[in-house]
Amino acid sequence: KRAPRFFSCFSTKVLDPCISTRYHAARMTTARHPTTSLSPPWFVRGDIDGFFGLFIDNLLQLMLIAVLCQVVCGFPPELITGRVLPGAAISILLGNFFYAWQARELMRKTGRDDVTALPYGINTPSLFAYIFLIMGPIYQETKNPTLAWQAGLFACFLSGIMETGGAFIGDWLRRHTPRAALLAALAGIAITFIAMGFIFQIFASPALALLPMMMILVTYAAGMKSLLGLPGGFLAVLTGVVLAWILRAFNLPSFTPVIEPYTFGVYVPTPVPGDVFALLMSPTGWKYLAVIFPMGLFNVIGSLQNLESAE
C-alpha cells in the first residue's frame with residue numbers, strides 16, 4: 001500500500017512518506033459484464049477526468065509540503081526541492097503505476113471490463129499531523145531541520161510497518177465491520193480536510209470560482225454531458241484559468257501571479273536509508289509514538305474505507 005520510504009520524508013497517502021498514501025489498488029464495480037478482449041486497454045476516456053482530479057489534489061499537497069516544511073519545520077530550500085519533493089513525486093508515480101498494473105492483471109484474470117484502480121496520493125490528515133505534531137516541535141526545540149526531517153522519515157517508516165501488517169488482516173476487518181461505520185468516518189474526513197478549505201476559497205473569489213464549481217456539479221452530480229463532450233474536470237480547470245486571466249486583464253480582483261523568478265531544475269530522488277534509521281535507537285523519535293501509532297492505525301482504517309467506498 002505504501003511506497004518505499006527511502007526517498008523522502010513524504011510518501012503519499014498524505015504526502016503520502018512523511019505522510020502516508022491513501023489508496024489501495026482495487027476493484028471498483030459499475031457493471032459486471034465480462035470482457036472478451038484478451039488485451040485490456042491501458043487507457044479509457046474516464047481516465048482523463050480521473051487524472052485531473054488526482055493531479056490537482058496531489059499538486060496542492062506538494063505545495064503545502066513546500067510551504068509548511070519551510071515555515072513550520074525550518075527546512076532549507078535545498079532539502080525541500082532536493083530530497084522531500086522528489087521522493088514524494090517518485091512515490092506517487094510508482095504507486096499509481098503499480099495500482100494500474102494490479103487492476104489490469106485482475107481484469108485479465110477475471111475477464112471483466114469494469115475493473116479500475118483507486119488513485120495513489122497524499123494523505124492530508126497525516127501530512128498535518130506529521131508536520132505540526134512531530135517535525136515542527138522537534139525543530140522548535142532543537143532548531144535542527146535535518147533532525148526534524150529524520151524524525152519525519154522515522155515516523156513514516158513505523159507507520160509503513162503498521163500498514164504492511166494491516167494489509168494481512170484488512171480484508172477480514174472490512175468484511176466484519178459495518179459499512180456505515182467505515183463510510184461515515186471517510187465522509188467526515190473528506191468534508192473536514194478536503195472540501196471545507198476549497199469551499200471557503202470559492203466564496204472568497206466567487207467571480208472566479210463559482211462557474212467552474214457549477215460545471216463540476218452539472219457534469220458529475222447531474223450527469224449531463226459537457227461542451228463538445230470534453231471531460232468535466234478538464235473543462236472546469238480550463239474555464240477557471242481563462243476566467244482568471246480575463247479578470248486580471250480588466251483589472252478586476254482575481255489572482256496575483258508569483259513575482260519571484262522561476263528557476264528550472266531537475267532533482268533526482270536520492271535513497272537515504274541512513275537518515276531513515278538514524279533515530280531508530282534514539283529517544284527523540286520514539287517519544288512521538290503517541291502520534292505515530294494512531295496515525296498508522298488511521299491510515300489502515302482509511303484504506304479499508306476507500307476500498308469499501310469503491311465497492
Side-chain angles (χ1 to χ4, degrees), residues 1-8 10-17 19-58 61 87-124 126 156-157 159-177 179 182-183 186 190 233 269 296-311:
K1 149 152 180 7
R2 311 244 333 163
R5 297 213 186 319
F6 304 106
F7 294 105
S8 82
F10 300 93
S11 104
T12 31
K13 199 172 167 187
V14 164
L15 274 195
D16 298 348
I19 304 174
S20 39
T21 265
R22 105 176 123 217
Y23 309 107
H24 278 294
R27 1 166 287 250
M28 182 181 295
T29 59
T30 56
R32 298 192 177 276
H33 303 297
T35 180
T36 57
S37 174
L38 295 179
S39 180
W42 280 100
F43 180 85
V44 295
R45 180 181 178 82
D47 290 334
I48 300 177
D49 272 357
F51 164 76
F52 277 101
L54 183 62
F55 170 76
I56 293 174
D57 177 72
N58 282 321
Q61 305 300 340
I90 194 65
S91 65
I92 294 174
L93 177 65
L94 295 179
N96 278 292
F97 268 123
F98 179 68
Y99 286 172
W101 174 81
Q102 281 188 315
R104 184 177 173 86
E105 288 301 300
L106 181 63
M107 181 182 293
R108 286 152 67 93
K109 291 179 180 179
T110 61
R112 292 169 52 181
D113 61 358
D114 59 350
V115 177
T116 186
L118 288 176
Y120 185 92
I122 294 173
N123 180 1
T124 307
S126 298
C156 288
F157 175 72
S159 180
I161 292 178
M162 289 186 60
E163 293 187 58
T164 301
F168 293 96
I169 61 173
D171 191 61
W172 183 89
L173 289 174
R174 187 171 66 91
R175 294 176 184 275
H176 291 80
T177 304
R179 174 169 292 192
L182 290 174
L183 297 185
L186 181 65
L297 183 62
F298 170 83
N299 291 333
V300 173
I301 300 300
S303 297
L304 298 179
Q305 292 168 341
N306 282 287
L307 288 174
E308 189 66 24
S309 66
E311 291 274 331

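Nothing here was measured: the structure is a model prediction, and the numbers come from that model.
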Trp101 CH2 to Leu94 CG distance, which is reported to the nearest 0.5 Å:
14.0 Å
If you look at every heavy atom in Gly166 and Val300, which pair is closest and at what distance?
CA-CG1, 4.3 Å
How about Phe55: does its CZ atom have over 12 heavy atoms from other parts shown lying under 6.0 Å from it?
no
So which heavy atom on Ala117 is nearest to which on Tyr99, and how close?
CB-O, 3.3 Å
With sequence neighbours left out, what residues match Phe97 under ring-ring contact (aromatic ring centres under 6.0 Å, His included)?
none
What pair of heavy atoms forms the shortest contact from Ser159 to Gly296, and how long is it?
OG-CA, 3.5 Å
What is the distance from atom CG of Asn58 to atom CG of Leu93, rounded to the nearest 0.5 Å?
11.5 Å
Taking all non-hydrogen atoms of both residues into account, name the closest pair between Met107 and Arg112 and its distance.
CG-O, 2.7 Å
Val115 and Ala103: which non-hydrogen atoms are nearest, and at how many Å?
CG1-O, 3.4 Å
